[in-house]
Amino acid sequence: MSDIKNDTKELKKKLFLERKHGLFAMSDEEIAKCDEFCENYKKFLDDAKTEREAVKVTLELLEKKGYKEYKPGMKLSAGDKIYRNNRGKAVLMAVIGTEPIETGVRLCAAHIDSPRLDLKQNPLYEDNKIALFKTHYYGGIKKYQWTAIPLSLHGVIVKADGSEVCVSIGEDESDPVFCVTDLLPHLATDQMKRNLAQGIKGEELNIIIGSRPFRDDEASEAVKLNILNILFEKYGITEADFISAELEAVPAFKAKDIGFDRSMIGAYGHDDRVCAYTALAAALDCENPKHTAVTVLTDKEETGSDGNTGLCSAYLKYFIADLAEDLGSNGRTVLSASECFSADVNAAFDPTFPEVNERNNCAYLNNGVVVTKFTGARGKSGTSDASAEFVGRVRRLLDKENVVWQTGELGKVDMGGGGTVAAYIANLNVDTIDVGVPVLSMHAPYEIVSKIDVYMAYKAFAAFIAD
Ligand code: MN
Ligand code: MN
């Protein structure tokens, strides 16, 4: 009689889909490896806060691993490691496979741009003896989150004579930082009546950069003059040089462990440097893959992937075509046989805001890397929707390689929605699916991921490009 209980247990084990904390699928040794992996990830987060810095750090790591800059016409053979730098804002890398190129490439695509505040082209002004920068936000942000936090400034200024100045200020402990102000609650009676979207308006995202005047009582705009004088002495720039500059204000926080158990990482821009770093780490560890392994770290995902450094442009297609020709095939044939992991984040279930998710179909922190069959909004608008056949293949691969993984849809039906670069790559006739890390507080200045999920993303990408 007591066997009935056991039978039920057995049957459930056989028939039910099991969802569990990744810890229970990992040994203590693997957890230790995962924590160690995340120490390097935190360093990457601090060193590469913008797309330009991410490219710079990536190129250094690639060169160290023996990757060579790719020039079309190069003689290529299995095991060769090459890269192409697209304007310092996106980077492609490949390890040539042992299989013929016409059997397709294994492509991982992540993005290295994150939501932030860009300076306008004429940013500098003085108002009531305070100098400020006007900004234009980049990507989808909740504007109120970007006030009253320390900001650092990163980017490049091209001077009138064509020379370039690189800027990174606010990251070093001894650097000053910058800040967008908010109203004190005492005087916010009217502001508090605004809705959340309007709580802070776009034109209120002005960054404070100085308050001491140049020592001349007669001069007007003496605070602005003093700032320009400091900038001239430090960078040799004048006000007109802002016109040909790309300066990005980002949170000045460093990446830190979160929780008493140190199980999570808090940082600016996990979306999508968490997948960029894990895809890059997989590429760096990739030796002699069967299929040519291609990794692209792209720019402009957060503004819709347009522009020549975004994945709606032809730069990925051209790279594959060049590779194909140098290996005796053509781009169209190679792309049509290729498979892609669109390596981007998804929303993690947040116990404080459970109402936006459908519990059977959302991603959970610590349940591993999340596989997202489709994204989009409303009736799956704007998605590429991976086929059952491709999902089946991915599922077998991840299980075979002991990757802890889960599925996840971005929120309840009709709750909102979003997309990734998956659709643009699928449009090149490539089998594509979203695979990435669940994130809490996505697009906030400080986002949270779980270390187990970060490590499982690395394992997933490594398994995929080696396959
Ligand atoms: Mn993203
Ligand atoms: Mn995003």
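As the structure lists them, so they are numbered: ligands from 1, and atoms in each ligand from 1. Every heavy atom of this structure was used, including side-chain atoms; hydrogens, water molecules and symmetry mates were not. This chain uses plain numbering: 1 for the first residue, then up along the sequence.
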Could you walk me through whether Glu358 and Lys412 satisfy the salt bridge (charged side-chain N to carboxylate O under 4.0 Å, His left out) test, starting with their C-alpha distance in whole Å, then the side-chain angles of each, then the deciding distance to 0.1 Å, before giving a yes or no? CA-CA 5 Å; Glu358 188 263 288; Lys412 276 182 179 165; over 6 Å; no
Close aromatic pair by centroid cut-off 6.0 Å: Tyr446 and Tyr268: no
Atom name of the N, O or S atom in Asp271 that lies nearest to the Mn ion (ligand 1): OD1
Angle between ring planes, Phe464 versus Phe341, binned at 30° and 60°: parallel, tilted or perpendicular? parallel
When you look at Leu323 and Phe319, which way does the side-chain contact (heavy atoms from CB on, under 4.5 Å) test go after all the steps? CA-CA 6 Å; Leu323 271 189; Phe319 180 74; 3.8 Å; yes
Between Phe44 and Tyr277, ring centroids under 6.0 Å: yes
Please determine if the Mn ion (ligand 2) has an N/O/S atom from Glu301 lying under 2.8 Å away. no
Closest to the Mn ion (ligand 1), which N/O/S atom of His111 is it? NE2
Is the distance from the Mn ion (ligand 1) to the nearest N/O/S atom of Asp344 under 2.8 Å? yes
Measuring from the Mn ion (ligand 2), name the closest N, O or S atom belonging to Glu302. OE2
